[in-house]
Amino acid sequence: MPELPEVETTCRGLAPHCIGRHLVTALVRNAQLRWPVPADLAQQVAGQAILSLTRRAKYLIVTLQRGTLILHLGMSGSLRIMDSNSPAGVHDHVDLVLDNGTCIRLRDPRRFGAVLWTQSDVLRHPLLENLGLEPLSDTFDAHYLHGCSRGRKVSIKTFLMDSHVVVGVGNIYANEALFHAGIRPTTPAGRLSRTRYARLTTAIRAILARAIEAGGSTLRDFVNSAGEAGYFQQQYMVYGRSGESCRVCAGSIKHMRQGQRSTFYCPHCQT
DNA sequence: CTTTTGACCTGACAGC
DNA sequence: TGCTGTCAGGTCAAAA
């Protein structure tokens, strides 16, 4: 489920329900996520106000008065505002219980997600300190990508998905952005011209921004309901369309694997 | 340093 | 109806 637009949508959807509220406790039903949920999480967060909810890469950062929660949705996680008395499903692993009878409930069937706690500068946390640029920031441009790709032999698609270069570009949007930029996913990153990186950065920004807008339409349903409709409403140009005809040239969309991930592209439109 | 591979975990689905 | 194998939106850690 979660690429950057979904995490951003989650962040915006949760914020009005929890900013300024106090956490009563944390209820951990299953601590075995990507990393163990801290055993003392409830004691750490109890009684503290939620000061802000922000996003860095695909991490959600919940700033409390005396520490910070770092949340990640992994491959299958979702966060929802629920009545704290509502029965938990098998994959509802953590509730952050608020002072108004609701909770932020983490559901994550595959348990690749994370709930971590830090009292240090969160941006210096080992998971966050070496992250690349935000794709929607002003500094993310052709000059940046061109510069850090010099000498790199990895394919442009693998390069795009490297979070030390740029964050938030997952498998779906890497495929889609390369189609929009007309770039073959297998091209070595170090061989692309600045001009082609300009097309690519424009494509990445446009696609992510559009996906976030689409996700925004689901925000009003964020409480007690599925907040995922916006995601599936996207009409993909290549992702998941192998064997189907290209929406631009009508040629056949091809499928291949790059580093255990599925790649889809149009051999005619992407060179 | 860069690049590749394995690992984590469950659920859905295709094919026998 | 089972069973087995493959695949899925992420990304760290270890090996090469």
Side-chain angles (χ1 to χ4, degrees), chain A residues 1-11 29-37 55-60 70-79 88-94 106-116 125-132 135 147-179 185-191 204 207-208 210-212 214-215 218 226-243 255-264:
Chain A
M1 177 222 292
E3 290 212 35
L4 184 138
E6 291 67 51
V7 181
E8 179 65 26
T9 297
T10 297
C11 188
R29 299 185 191 81
N30 187 344
Q32 303 307 304
L33 301 183
R34 170 94 196 245
W35 295 280
V37 178
R55 178 189 62 75
R56 169 72 171 113
K58 293 174 188 165
Y59 294 95
L60 280 167
I70 301 172
L71 311 179
H72 198 285
L73 301 178
M75 290 271 259
S76 59
S78 62
L79 289 166
V90 258
H91 302 301
D92 291 338
H93 305 309
V94 177
L106 172 68
R107 172 174 296 183
D108 184 6
R110 290 177 73 178
R111 290 190 277 125
F112 288 171
V115 176
L116 300 170
H125 190 281
L127 291 173
L128 302 188
E129 69 171 342
N130 293 315
L131 290 173
C148 58
S149 66
R150 293 310 87 181
R152 297 292 301 271
K153 294 183 175 175
V154 284
S155 71
I156 181 58
K157 192 204 172 210
T158 301
F159 181 71
L160 270 191
M161 293 177 69
D162 181 349
S163 63
H164 298 101
V165 176
V166 56
V167 302
V169 183
N171 199 35
I172 293 179
Y173 294 115
N175 278 297
E176 294 295 306
L178 287 166
F179 175 84
T186 48
T187 310
R191 297 218 177 280
I204 291 169
I207 287 173
L208 291 177
R210 191 151 52 93
I212 290 171
T218 67
E228 293 137 34
Y231 187 81
F232 294 100
Q233 285 162 6
Q234 295 278 321
Q235 213 194 30
Y236 299 130
M237 299 298 279
V238 289
Y239 183 81
R241 301 191 68 242
S242 69
H255 174 262
M256 64 175 294
R257 295 210 142 248
Q258 288 182 285
Q260 10 260 64
R261 308 308 295 273
S262 272
T263 293
F264 303 89

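Worth saying up front: this structure is predicted, and the values here are computed from it rather than measured.
When atom types are taken as modelled, the side chain of A:E129 and the backbone of A:P126 share no donor-acceptor pair closer than 3.5 angstrom. At least one donor-acceptor pair under 3.5 Å links the side chain of A:R241 to the backbone N or O of A:M237. Under the 3.5 Å distance criterion, the side-chain polar atoms of A:N175 are matched with a main-chain donor or acceptor of A:F264. A donor-acceptor pair under 3.5 Å is absent between the side-chain atoms of A:Q258 and the main chain of A:S155, judged by distance alone. Distance alone, capped at 3.5 Å, places no donor-acceptor pair between the A:R257 side chain and the A:G259 backbone.
Put simply, A:F112 does not rest on the base of B:dC9: the two rings are not both less than 5.5 Å apart at their centres and under 30° in tilt.
Note on A:R152: a side-chain N or O is less than 4.0 Å away from OP1 or OP2 of B:dT3. The phosphate of C:dT11 has OP1 or OP2 within less than 4.0 Å of a side-chain N or O from A:K58. In this model, the phosphate group of B:dT10 is not approached by any side-chain N or O of A:R34 to a distance below 4.0 Å at OP1 or OP2. For the pair A:H72 and C:dT11, the criterion of a side-chain N or O lying under 4.0 Å from OP1 or OP2 is met. Dashed line: the shortest gap from a side-chain N or O of A:S262 to OP1 or OP2 of C:dA8 is under 4.0 Å. Not one side-chain nitrogen or oxygen of A:H91 sits closer than 4.0 Å to the OP1 or OP2 atom of B:dC9. The side chain of A:Y59 places an N or O atom within less than 4.0 Å of a non-bridging phosphate oxygen (OP1 or OP2) of C:dC12.
Look at CZ on A:R241: it is 19 Å from C1' on C:dA8, rounded to the nearest Å. Atom CD in A:E6 sits roughly 17 Å away from atom P in C:dA8 (whole-Å rounding). The CG atom of A:L160 sits 14 Å away from the P atom of B:dT3 (whole-angstrom rounding). Look at CG on A:D162: it is 12 Å from P on B:dT4, rounded to the nearest Å. Distance, A:R107 CZ to B:dG11 P: 12 Å, rounded to whole Å. With rounding to whole Å, A:L131 atom CG is found 13 Å from C:dG10 atom C1'.
At a threshold of 4.0 angstrom between heavy atoms, the contacts of A:F159 with the nucleic acid are absent. Using a 4.0 Å heavy-atom distance criterion, A:R111 is classed as a sugar-phosphate-only contact. At the heavy-atom level, A:R261 lies under 4.0 Å from base atoms of the strands shown.
You'll find that the side chain of A:Q260 is closest to B:dG6, out of B:dG6, C:dA8, B:dT10.
In this entry B:dC9 has no Watson-Crick or G-U wobble partner, no candidate having both defining distances under 3.5 Å.
Using atom P as the reference point in both B:dC9 and C:dC3, the two lie 23 Å apart (nearest Å).
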